[in-house]
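Written below as structure tokens is the structure these notes are about.
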Amino acid sequence: MAPGLTIAQPFGILAWALHGTAKLLEARRNRRAIRRLAACEDRMLKDIGLSRSQVMGALEARYDEDPSRLLQQWRWRRPLPGAEPPHPR
């Protein structure tokens, strides 16, 4: 072991690398799912509260970003069609 390293540090680095790899794989899987959404008709996208421009915009995200997070942010900013407005507090 290198001088100055504790036994926990190599495991922390390994955990960090594994976590990063898992996040990249998840983003890749979600990107494939969003490509399938892009193949849907505009009417179907509207039914789930998305627009074609949002789906295409999410696919333009950097490779290391999860495009599904962008869609979630956009989706939750507006209510579902026909949904009641939130009650005032």
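Throughout, residue positions are numbered sequentially from 1 according to the sequence presented.
- With sequence neighbours excluded, no residue satisfies salt bridge (Lys or Arg N to Asp or Glu O under 4.0 Å) with Arg32.
- Taking CG from Leu24 and NE2 from His19, the interatomic distance works out to 10.0 Å, rounded to the nearest 0.5 Å.
- Looking at every heavy atom in both residues, Leu59 comes nearest to Ala38 through CD1-CB, 4.3 Å.
- Taking CD of Glu60 as the reference point, atom OG of Ser53 lies at 10.0 Å (rounded to 0.5 Å).
- The backbone N or O of Pro67 lies less than 3.5 Å from no partner atom in the side chain of Arg31, so there is not a single donor-acceptor pair.
- The backbone N or O of Leu70 lies less than 3.5 Å from no partner atom in the side chain of Gln73, so there is not a single donor-acceptor pair.
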(request) Quick one: do Leu37 and Leu71 satisfy side chain to side chain contact (heavy atoms under 4.5 Å, CB included)? Show the steps, please. (result) CA-CA 11 Å; Leu37 275 177; Leu71 287 182; 4.1 Å; yes

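- With sequence neighbours excluded, no residue forms a salt bridge (Lys or Arg N to Asp or Glu O under 4.0 Å) with Arg28.
- Within the model, atoms CG of Asp42 and CG of Asp47 stand 11.0 Å from one another, a figure rounded to the nearest 0.5 Å.
- Within 6.0 Å of CZ on Arg52 lie more than 12 heavy atoms contributed by other residues, nucleotides or ligands.
- The CG atom of Leu14 sits 4.5 Å away from the CG atom of Leu18 when rounded to the nearest 0.5 Å.
- Proximity of Ser68 to Ile34: side-chain heavy atoms (C-beta onward) are separated by under 4.5 Å at one or more points.
- When hydrophobic clusters are built by joining Ile, Leu, Val, Met, Phe, Trp and Tyr residues whose side-chain heavy atoms come closer than 4.5 Å, directly or via intermediates, Val55 is grouped together with Ile48.
- Side chains of Asp66 and Lys23 form no contact here, defined as non-hydrogen atoms less than 4.5 Å apart.
- Shown here are the side chain to side chain contact (heavy atoms under 4.5 Å, CB included) partners of Glu65, two or more places apart in sequence or in another chain: Ala61, Arg62.
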